[in-house]
Amino acid sequence: LQQKTDAIEMQIFVMVVVMVDLLSVFLFQFGNFVIAEDDEDCFERDLPPMFAITVTVMSVYAIEVSLRILAHGRRFFQSFWNVLDLVFVIFSLVPAFIKIFD
């Protein structure tokens, strides 16, 4: 599992997901994707397509970090970058869960 989570293909996949998320935010924020006139969220994440993209991206991040924790065990927490990834994922999931269950 460690070889698969550390593989370049996994890193490329995660970077592609990051780029898709960034592109979707950019397009929905600055593009001509006006679906609702009375949206409340400045990133238009209340819109169903944007919300679906956000949930998918956050799921990929959470699964990827979980797999790395399983693969590396306690050594995962010895790397500053791994811990930073984990903190970002946790702090990104909290607002998503609040939005889902609110």
Side-chain angles (χ1 to χ4, degrees):
L1 184 60
Q2 184 176 348
Q3 288 178 340
K4 291 184 180 183
T5 59
D6 292 342
I8 190 73
E9 293 86 6
M10 177 67 96
Q11 294 174 12
I12 290 171
F13 174 72
V14 171
M15 288 307 297
V16 167
V17 171
V18 169
M19 292 300 145
V20 166
D21 189 35
L22 242 140
L23 182 63
S24 66
V25 168
F26 181 77
L27 288 175
F28 277 87
Q29 184 64 27
F30 302 110
N32 293 324
F33 293 98
V34 178
I35 299 174
E37 293 294 328
D38 58 346
D39 58 346
E40 298 174 7
D41 191 357
C42 66
F43 291 112
E44 299 184 20
R45 301 244 176 183
D46 288 337
L47 303 176
M50 195 64 221
F51 186 70
I53 292 169
T54 300
V55 169
T56 302
V57 167
M58 292 311 305
S59 299
V60 168
Y61 292 158
I63 291 168
E64 188 258 342
V65 168
S66 299
L67 287 174
R68 284 194 293 140
I69 291 172
L70 286 173
H72 292 277
R74 292 181 185 198
R75 287 182 316 154
F76 175 87
F77 298 98
Q78 294 174 351
S79 167
F80 171 78
W81 298 110
N82 285 342
V83 174
L84 189 64
D85 280 348
L86 179 63
V87 168
F88 282 153
V89 169
I90 290 171
F91 280 118
S92 298
L93 287 175
V94 169
F97 279 121
I98 289 172
K99 184 175 235 62
I100 290 170
F101 295 112
D102 189 22

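Looking at heavy atoms from C-beta onward, F88 lies out of side-chain contact with V65 at the 4.5 angstrom threshold. Counting only heavy atoms from C-beta outward, the side chains of I8 and Q11 approach each other to under 4.5 Å.
None of V18, L22, V17 except one satisfies the side-chain contact (heavy atoms from CB on, under 4.5 Å) rule with V57; the exception is V17.
Note on F80 and F91: separate hydrophobic clusters, where clusters join Ile, Leu, Val, Met, Phe, Trp and Tyr whose side-chain heavy atoms are under 4.5 Å apart, directly or indirectly. Hydrophobic clustering (side-chain heavy atoms under 4.5 Å, transitive across Ile, Leu, Val, Met, Phe, Trp, Tyr) keeps M15 apart from L84. Taken together through direct or relayed side-chain contacts under 4.5 Å among Ile, Leu, Val, Met, Phe, Trp and Tyr, Y61 and V83 form part of one hydrophobic cluster. I12 and L23 are assigned to two separate hydrophobic clusters, defined by single-linkage of ILVMFWY side chains at heavy-atom distances under 4.5 Å.
Partners of A71 under the side-chain contact (heavy atoms from CB on, under 4.5 Å) rule, at least two apart in sequence or in another chain, are L1, Q2, T5. When the side-chain contact (heavy atoms from CB on, under 4.5 Å) test is applied to V20, the partners found at least two apart in sequence or on another chain are V16.
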Full working for side-chain contact (heavy atoms from CB on, under 4.5 Å) between E64 and V89: CA-CA 10 Å; E64 188 258 342; V89 169; over 6 Å; no
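Atom CD1 of I63 and atom CG of L67 lie 7.5 Å apart (nearest 0.5 Å). Here the straight-line distance linking atom CD1 of I69 with atom CZ of R75 works out to 13.5 Å at 0.5 Å rounding.
Within the structure, side chain to side chain donor-acceptor pair (under 3.5 Å) pairs that include any residue of residues 83-97 comprise R68-D85 (at least two apart or interchain).
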